[in-house]
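Below: one structure, written as C-alpha cells.
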Amino acid sequence: MTSSYVIGVVKAGAYGHGSVHVSRQLKATGVERLAVATIDEAIHLRSHGITGPIHVLGNTEAHVIDSCLQYNLLPTVCSRDVVREIASSLEGTDEKRNVTHGTQKTPPFGAVNIKIDTGMSRNGCQPNELRQIIQSCEDSNVPIDAIFTHFADSADDAEFTRQQLDVFLETVEPFRNKNISLHVANSGAILNGIGTDLDFVRPGIVIYGLPPGDVADFKDRGFQPAASIKAVPSLVKRLPEGRKVGYGCTHTTRDEEWMATFPLGYADGYSRLLSNKGFIVREKTGEKCPIVGRVSMDAVTVRLPCCPEDAETYTMMTADFDPDTSATGIASKVGTISYEVVTRLSTRYPRVYI
Ligand code: PLP
C-alpha cells in the first residue's frame with residue numbers, strides 16, 4: 001500500500017479556526033504543505049512566519065503572479081495564457097531556476113499546479129487542454145509541481161467521484177513519467193478511500209473534526225470537532241410577564257423570566273435563523289437554554305432556567321455532534337452545512353487554543 005503526503009487545507013481562516021495557529025500545529029505534526037484559496041490568505045501566513053510550500057487553490061489571475069513569486073507560492077493554473085504570464089514574470093527574477101518538475105516536499109521555484117476540471121465544472125482546464133498547457137510550461141521553463149482535480153460530491157456519491165477519478169487518471173496517464181505529483185482527494189474522498197493512493201491528499205473539514213457529509217457515520221469513526229464557542233452573559237435581568245424581547249418583538253415573556261444577553265450575533269456568524277430556535281448550554285448543569293427573540297447583529301438573548309451565578313460560562317457551540325448546539329446541529333437547524341457555520345465565525349472574538 002502506498003501512502004500519500006498531506007496538504008493541509010487552511011483556507012477561510014482554517015475554516016474559522018485561525019489559519020496561523022492551525023498551520024503551525026499542522027507543521028508541528030509533520031504536514032509540510034498547506035493550501036489556501038487566495039493569494040492574500042497565503043501572504044497572511046507568510047507574514048506570520050509560515051514557511052514551506054503553500055498552494056493557492058483558486059484560479060490564478062495575472063495581477064497576482066508577481067506576488068506568487070515574491071512569496072514563493074504554488075499557483076493554480078488552468079490555461080496557457082497564465083503559463084505565459086508566469087514565464088514572463090519568472091524571466092525578471094534573479095532566483096536560480098530549477099526547471100525539473102516537482103519533488104514531494106520541495107517544489108522548484110516558480111512551480112505551478114495545473115488543475116483539471118473532471119466534472120465539477122468550476123475552475124480547471126478541460127482534460128483535452130492538459131497536453132498544451134504542459135507543453136507551454138515546458139517550452140517556457142515553468143516547472144510543474146503537480147496536476148490535480150477537485151471532487152464535486154465525494155462524501156455522498158462514490159460512483160460519480162470514481163468517474164471523476166477515472167477521467168483524471170486517464171488524462172494524466174501520458175505524463176506520468178515526468179516526475180509531476182498528482183493529488184485529488186478532499187475529506188469525503190479520503191473517508192471513502194477514493195484517490196488516496198496518489199502523491200498527496202488535501203483534507204480540509206476533517207482536520208477540524210467536522211464531517212464532509214453524514215454525521216452518524218463520521219461520529220462512529222471516532223472524530224470529534226475541534227472548536228467550541230464559550231461566552232459569559234454581558235447582562236442578566238429578570239423580566240416580568242408580558243415583556244417583548246428583541247427586534248420585531250418576536251418573543252413575549254409568559255411569566256417572570258431570567259433573560260441573559262450574550263455579546264455575539266449574526267455579525268459573528270451566529271445565524272439569525274437561530275432566532276427563537278437555537279439553544280446554548282449552561283456549562284454548570286448541562287441544561288440547554290433557548291434563544292428567545294431575534295438574534296441581532298451583536299447580541300443574542302437567552303432564557304435562563306434561574307438566576308445565574310456571577311460570570312457563569314455558557315457554550316454557544318458545543319464541540320460534539322449535539323443536534324441543537326454543535327456546528328453540525330446548528331447547520332441542520334438553519335439549513336446549511338457545518339463548513340458554513342464555522343467559516344463564518346468572525347475574528348472579532350479571540351480564539352483560545354488549549
Ligand atoms: N481541495 C480543494 C481544491 C478545495 O477547494 C477544498 C475545499 O473546498 C479542499 C480540497 C478541502 O475540501 P474538504 O474541506 O471537503 O476536505
Side-chain angles (χ1 to χ4, degrees), residues 4-19 22-23 25-26 31-42 45 53-61 68 73-78 82 112-125 145-158 160-161 164-165 167-168 171-172 181-196 198-215 217-218 221 223 225-227 327-328 331 336-345:
S4 311
Y5 290 88
V6 170
I7 301 170
V9 180
V10 294
K11 60 185 179 151
Y15 292 46
H17 294 65
S19 62
V22 172
S23 297
Q25 288 295 115
L26 288 171
V31 173
E32 302 270 341
R33 290 182 175 228
L34 302 167
V36 292
T38 68
I39 186 99
D40 288 339
E41 290 180 316
L45 293 181
I54 300 180
H55 296 246
V56 182
L57 297 172
N59 201 17
T60 305
E61 294 175 63
C68 272
L73 308 171
L74 286 165
T76 295
V77 304
C78 312
V82 174
V112 298
N113 274 226
I114 303 173
K115 184 171 189 182
I116 311 176
D117 172 13
T118 54
M120 190 162 175
S121 311
R122 217 175 51 170
N123 287 333
C125 67
D145 168 60
I147 305 173
F148 74 110
T149 192
H150 192 42
F151 292 138
D153 202 8
S154 59
D156 297 321
D157 190 339
F160 186 65
T161 308
Q164 283 194 263
L165 178 62
V167 172
F168 180 79
T171 308
V172 298
S181 299
L182 304 175
H183 49 93
V184 297
N186 56 358
S187 297
I190 294 167
L191 293 175
N192 288 324
I194 302 175
T196 49
L198 299 176
D199 300 287
F200 296 97
V201 291
R202 295 190 316 268
I205 196 85
V206 290
I207 295 176
Y208 311 99
L210 292 168
D214 181 53
V215 178
D217 175 51
F218 188 74
R221 293 185 184 213
F223 285 95
T328 50
T336 186
I337 50 178
S338 55
Y339 291 73
E340 186 174 350
V341 170
V342 289
T343 55
R344 281 181 165 233
L345 297 175

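For ligands, and for the atoms within them, numbers begin at 1 and follow the listed sequence. Source: prediction; values computed, not measured.
Aromatic ring pairs are classed by plane angle as parallel below 30°, tilted from 30° to 60° and perpendicular above 60°; the pair H55 and F200 is perpendicular.
Against a heavy-atom cut-off of under 4.0 Å, Y15 is close to the following atoms of ligand 1: 7 (C), 11 (C), 12 (O), 13 (P), 14 (O).
At least one N or O atom of I205, backbone or side chain, sits closer than 3.5 Å to an N or O atom of ligand 1. Of the N or O atoms in K115, none lie within a sub-3.5 Å distance of an N or O in ligand 1. Where the criterion is an N or O separation shorter than 3.5 Å, residue side chain and backbone included, P212 fails it with respect to ligand 1.
Atom OG1 of T76 and atom CD1 of I114 lie 10.5 Å apart (nearest 0.5 Å).
Looking at I190, L26, L34, V201 one by one, the single match for side-chain contact (heavy atoms from CB on, under 4.5 Å) with V6 turns out to be V201. Evaluated for a side chain to side chain donor-acceptor pair (under 3.5 Å) with H183, the options N113, T149, T196, D199 yield exactly one hit, N113.
Remark: minimum distance from atom 9 (C) of ligand 1 to any protein heavy atom is reached at H150 CE1, 3.8 Å. Among protein heavy atoms, the minimum distance from atom 15 (O) of ligand 1 is reached at Y339 OH, 2.6 Å. Of the protein's non-hydrogen atoms, the one nearest atom 1 (N) of ligand 1 is R202 NE, 2.8 Å. In terms of protein heavy-atom proximity, atom 16 (O) of ligand 1 is closest to S187 OG, 2.4 Å. Considering only non-hydrogen protein atoms, atom 5 (O) of ligand 1 sits nearest to K11 NZ, 3.2 Å.
For the pair T171 and T118, the minimum side-chain heavy-atom distance is 4.5 Å or more. The shortest side-chain heavy-atom distance between H150 and L57 does not fall under the 4.5 Å cut-off.
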What pairs of donor and acceptor atoms, side-chain ones from residues 7-17 against any protein atom, are under 3.5 angstrom apart with sequence neighbours left out?
from: H17; atom 1: ND1; to: A14; atom 2: O; distance (Å): 3.1
from: H17; atom 1: ND1; to: Y15; atom 2: O; distance (Å): 2.8

